[in-house]
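Working notes, beginning with the structure itself.
Here the structure is a predicted model, which is why all the values come from computation and not from measurement.
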Amino acid sequence: MADKITMGPQGQLQVPDEPIIPFVRGDGTGVDIWPAAQSVLDAGAAKYGRKVAWREVLAGQKAFDETGSWLPDETIQAFRDHLIGIKGPLTTPVGGGIRSLNVAIRQILDLYVCLRPVRWFQGVPAPVKDPAAVDIVIFRENTEDIYAGLEVEEGTPEAKKLIGLLKENFGWEIRADSGVGIKPVSITGSKRLIRAAIKYAVERGRQSVTLVHKGNIQKFTEGAFMKWGYELVKEEFSDVAVGWDDCGGKPGDRILVKDNIADITLQQVLTRPGDFDVIATTNLNGDYLSDALAAQVGGIGIAPGGNINYVTGHGVFEATHGTAPKYAGQDKVNPSSLLLSGVMMFDHLGWKDAADDIVKALEATIAEKIVTYDFARQMDGAKEVKCSEFAAAVVENL
């Protein structure tokens, strides 16, 4: 019988054999990739006697067309009530009141972790010599930094007022024809993000956590993020983790916590990705890093993502690419980003057996060179198939 996922007394998800999971089909190619991904997820769950009771909720263009709202209250309430959900790519309204539907969902539900595991799947064409060396999990802070949307437009009374206030109170000289933004980075937001990253590293047997920041320039935001991370290690994790300066880079059997400047990190994840295991970073850095790393292992078309609040138990997993409207309805695009986001969701629910089997089936399908057009054009001897046909081949390999 279908039932809701709940939080147990120890802060663990209680998942029935038939959980009710809200989903947003997504705009553009969502019409193609959602049915494909769902068919594989259903097959993976069925192998272990489980079933998902999918409940469609609306966001994006379909929501606007049917309700007049880009993000109906009913959709947010469904995610609140059922704890876990999944969504395809969404159109962001141009000139509307919402800057980004994706950011709005994260902020409304306080989904403070953007979790982006990046690894290579056997057979996927990649632009680097050794894509298998990339096995990095990014914890990107999801609610603060410039994504808080605290900015004023150039030439407006608000901009003039803020520029005047900053000059009067701080002596800051800002050109009169500037737009101005505020970048909040808090102890609360930073420590809960880094706490989640360290706990993940402990639970998954990872070796290190790297705090990525631009603290050499932004000392009281990005630099503070780093400082608070090292404080947290001593306050809460001294038995299982140790900072670099406290062990000289020799952590013994504990997790090594270190830090790296953001611009250098973008170079080093390319030249020596093996140096990085789990990364905890601020919002904008995480955005850049996750997409740059995804490019090394085949692109965002095969990159999964999840937005999680580990305290309340809420999580919304999502395709990491855009809507690609010119391909919508053509049964053409690769469904792997959304599918692997569903795999992440299964793993988060404790359905690791089904999640692992789906990954193996996906790799087997790609190894057989049965792929969608994006991979087919990069592989010799590939058999190009439709989105739905690729999903059917993955199910067959299950």
Practice prompt. Please identify each residue that fulfils side-chain contact (heavy atoms from CB on, under 4.5 Å) with D347, with sequence neighbours left out.
Written response: R204, K352, A355
Worksheet item: Cut-off 3.5 Å, side chains only: do D42 and W54 have a donor facing an acceptor?
Response: yes
Discussion item. Please determine whether side chain to side chain contact (heavy atoms under 4.5 Å, CB included) holds for the pair L266 and L289, giving the CA-CA distance in whole Å, both sets of side-chain angles, and the decisive distance to 0.1 Å.
Written reply: CA-CA 7 Å; L266 282 163; L289 268 172; 3.7 Å; yes
Worksheet item: For the side-chain contact (heavy atoms from CB on, under 4.5 Å) test, which of I21, I5, L349 pairs with L83?
Response: I5
Worksheet entry | Aromatic plane relationship, F317 with H348 - under 30° parallel, 30 to 60° tilted, over 60° perpendicular | tilted
Worksheet entry | Note: E231-K191 ion pair, threshold 4.0 Å (strictly below) | yes
Item to complete: Answer yes if the ring centres of Y327 and Y373 are under 6.0 angstrom apart, and no otherwise.
Response: yes
Discussion item. Quick check on side-chain contact (heavy atoms from CB on, under 4.5 Å): which of T281, I261, T265 does H213 satisfy it with?
Written reply: I261
Practice prompt. Answer yes or no for R377 and F375: cation-pi contact, defined as NZ/CZ to six-membered ring centre under 6.0 Å and angle to ring axis within 45°.
Written response: no
Discussion item. Would you say that R195 contacts L232 through its side chain, given a criterion of any heavy-atom pair below 4.5 Å between the two side chains?
Written reply: yes
Item to complete: Using a 4.5 Å cut-off on heavy atoms from C-beta on, say whether the side chain of V278 contacts that of I255.
Response: no
Discussion item. Is the terminal nitrogen or CZ of R140 (NZ for Lys, CZ for Arg) located under 6.0 angstrom from the six-membered ring centre of Y147 and within 45° of that ring's axis?
Written reply: yes
Discussion item. Starting from I20 and following side-chain heavy-atom contacts under 4.5 Å between hydrophobic residues (I, L, V, M, F, W, Y), which residues can be reached?
Written reply: none
Discussion item. Run the side-chain contact (heavy atoms from CB on, under 4.5 Å) test against R25 and tell me which residues pass, sequence neighbours left out.
Written reply: F23, V31, W34, E56, K62
Worksheet item: Going by atom types only, do E222 and T282 share a side-chain donor-acceptor pair under 3.5 Å?
Response: yes
